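Read the numbers this way: they start at 1 and go in the same order the structure lists the ligands and their atoms. Computed from a prediction, not measured in an experiment: that's the story for all the values here.
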Amino acid sequence: MNYQYWNEQFEKMPRRDLEAWQLEKLRETAGFALRTPFYKERLAGTGIGEPGDIKTLEDLKRIPFTTKEDLRRGFPYGFLSISRDEVIRLHASSGTTGAPTTIYFSREDLARWTGFVARCIYSTGCNKTDVFQNMITYGLFTGGLGFHAGGEAVGMLVIPSGPGNTTRQFRLMQDFGTTVVHATPSFLLHVEARMREEGINRDRIRLKRAFAGAEPYSEDTRRRIEELLRIDVYNSYGLSEMNGPGVAFECQAKNGLHIWEDGYIAEIINPDTLEPVKDGETGELVLTILCREATPILRYRTRDLSAFYTGPCPCGRTHRRLRRITGRTDDMLIINGVNVFPSQIEEAIMAIKEAGNNYLIVVEKEGVLDKLTVKTEVGPDIFMDDARPLNALRERIRKTIQASITVNPRVELHEPGSLPVSEGKALRVQDKRPKDL
Ligand code: AMP
Ligand code: ZN
C-alpha cells in the first residue's frame with residue numbers, strides 16, 4: 001500500500017511529542033474557555049483559574065464534563081470566547097432548528113478544521129485529479145460545507161450536489177466523471193439500488209471511493225456497499241460540537257478510525273461510573289477540542305459508544321484508532337443521518353391541541369432508507385369517521401413534526417385509547433431496523 005500524508009510531521013508524530021503538543025494546546029484552549037461565561041462559572045473552585053494551572057495532561061481530569069444539556073443552557077453565547085466580530089461562521093447539530101447547540105468559528109478555526117478534513121480525504125489516496133461529488137446536506141449541518149472545504153483544499157474538483165434526486169446525481173457523475181463521493185451509508189445503498197433500477201451502466205461511471213458517515217453502520221454494510229458499487233468505502237466520524245467531520249477517519253488499512261490527537265483529546269469512560277475504561281473496552285467517547293478558539297468545549301460527553309485500538313497501524317500514523325461507533329448511551333435516533341430526539345417529536349405533537357396524549361414512534365427500513373412513522377391518538381373531540389378534518393389534522397401534525405426535526409414522517413391517526421399505553425419513554429419508540437453492528 002502506498003500511503004500518502006497530508007501533514008506527515010503531525011500524522012506520524014512520536015507519541016511523546018504529540019502529548020507535549022496536546023498539553024500546550026490544552027492550556028491555550030483552557031485560556032479561551034476561561035473567557036466564556038459558561039466555563040468561568042464551571043471552572044470556579046476546580047483550581048484551574050488560568051492556563052498555567054494545567055501542569056500535565058492528567059490535570060484534564062480536574063475539569064468537569066460538559067454535556068449537550070450544558071450547551072443548550074449556554075445558548076446562544078455562553079460558550080463564545082472571542083468577540084462576536086471575529087466570528088465568521090456558525091453551525092448547529094443536525095435535526096435541530098439552530099437553537100440548542102450552536103458552534104461558532106473564527107477565520108483561523110475554519111482554516112484548522114479544513115486542514116483536518118483535507119487530511120482525512122488525502123489519506124484515502126485522493127488528489128487534485130479527483131472529482132468529488134458531495135452528496136450530503138449543506139446548510140447548518142457540518143457535513144456539507146466541512147467536506148466541501150476539505151475537498152477544495154486537496155485541490156479536487158468539488159461538485160456541491162447535496163443529497164437526494166438520484167437521477168440528477170447519476171447525470172453529474174457521468175457528465176463530470178465523479179471519482180469520489182461523500183454520503184450517509186444508507187444513501188449509498190439507495191444510490192446503488194436506484195442505479196440498477198435505472199439501468200445505469202457501472203462501467204460508464206468512474207467512481208472509486210466513498211466517504212460514509214453521520215450514522216452508525218456495520219462492517220457488513222461497508223462490505224456490501226463496496227462490493228455492490230465496486231468502490232472503497234471509508235468511515236468518517238464527527239459531530240458538530242467538535243467542528244463536524246474531520247474528528248476521526250479510517251485510513252487505507254481500514255481497521256479503526258484514527259482520532260486526530262493533535263486536534264482533540266479523546267477519553268473513553270464507563271458512562272455509569274464515569275471512570276476511564278481499559279483499552280479495547282467499550283465505553284462512551286469524551287472529547288476535548290484543541291483546535292478551536294471561538295467555541296472551546298472541554299471533556300464533552302458525546303454519548304457515542306466506541307473503544308480504543310492502541311496497537312501500531314500499518315499506515316505509520318501514530319494517532320490512536322477508535323472502533324467504529326456502535327451506538328449511543330442516550331435515546332437519540334439517527335434517521336437517514338439526521339439526529340432526532342423522541343422528545344422533539346413529543347413536543348411537536350403536544351403543540352397541537354386536537355392531538356391526543358398517546359403516541360408511538362416507529363422507525364423501520366423501507367428498502368435501504370430509514371422510514372419514520374408517527375402514530376398518534378386524536379383528542380376526544382375528534383370524529384374518526386369524518387375524513388376531511390382528519391386529513392387536515394394529519395397534515396398539520398406532519399408539517400409540525402417535519403419543521404421541528406427536518407425529517408418527513410408518515411403520520412397515522414388512531415382513536416383515543418387505541419395505542420398501547422406506555423409508562424417508560426423508551427416504550428414509545430420502536431426501532432425496527434436490523435441491528436447488525
Ligand atoms: P451532528 O452533530 O449532527 O454532526 O451529529 C453527530 C452524531 O452523528 C455523532 O455524535 C454520532 O452519534 C453520529 N455519527 C456521525 N458520524 C458517525 C459514524 N461514522 N458512525 C456512527 N455514528 C456517527
Ligand atoms: Zn492507519
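Here Arg433 does not pair with Glu366 in a salt bridge; the nearest charged N to carboxylate O distance is not below 4.0 Å. Between Arg224 and Glu192 there is no salt bridge, since no side-chain nitrogen of the basic residue lies less than 4.0 Å from a carboxylate oxygen of the acidic one.
One option in Gly238, Ser236, Ser93 has a heavy atom closer to atom 6 (C) of ligand 1 than any other, and that option is Gly238. One option in Asp304, Thr142, Thr326, Asn235 has a heavy atom closer to atom 9 (C) of ligand 1 than any other, and that option is Asp304.
With Phe79 as the fixed residue, the ring pair (Phe, Tyr, Trp, His ring centres under 6.0 Å) test singles out one of Phe38, Tyr300, Phe32: Phe38.
Taking 2.8 Å as the limit, the number of protein N, O or S atoms around the Zn ion (ligand 2) is 4.
Here the two rings, on Phe116 and Phe249, have centers that are 6.0 Å apart or farther. Between Trp260 and Phe10, the gap from one ring centroid to the other reaches at least 6.0 Å.
Cation-pi geometry between Arg321 and Tyr309 is not met: the NZ or CZ atom fails to fall both under 6.0 Å from the ring centre and inside 45° of the normal. Cation-pi geometry between Arg317 and Tyr5 is not satisfied (NZ or CZ under 6.0 Å from the ring centre, within 45° of the ring normal). Cation-pi geometry between Lys375 and Tyr359 is not met at under 6.0 angstrom from the ring centre and within 45 degrees of the axis. With a 6.0 Å cutoff to the six-membered ring centre and a 45° limit on the axis angle, Arg89 does not count as a cation-pi contact of Tyr104.
Of the heavy atoms in Tyr217, none comes closer than 4.0 Å to ligand 1. If you look at Glu215 next to ligand 1, the close heavy atoms, those under 4.0 Å, all belong to the backbone. Both the backbone and the side chain of Ser240 come within contact range of ligand 1, each with a heavy atom under 4.0 Å.
When each atom of ligand 1 is checked for a heavy atom of Arg328 under 4.0 Å away, the hits are 10 (O), 12 (O).
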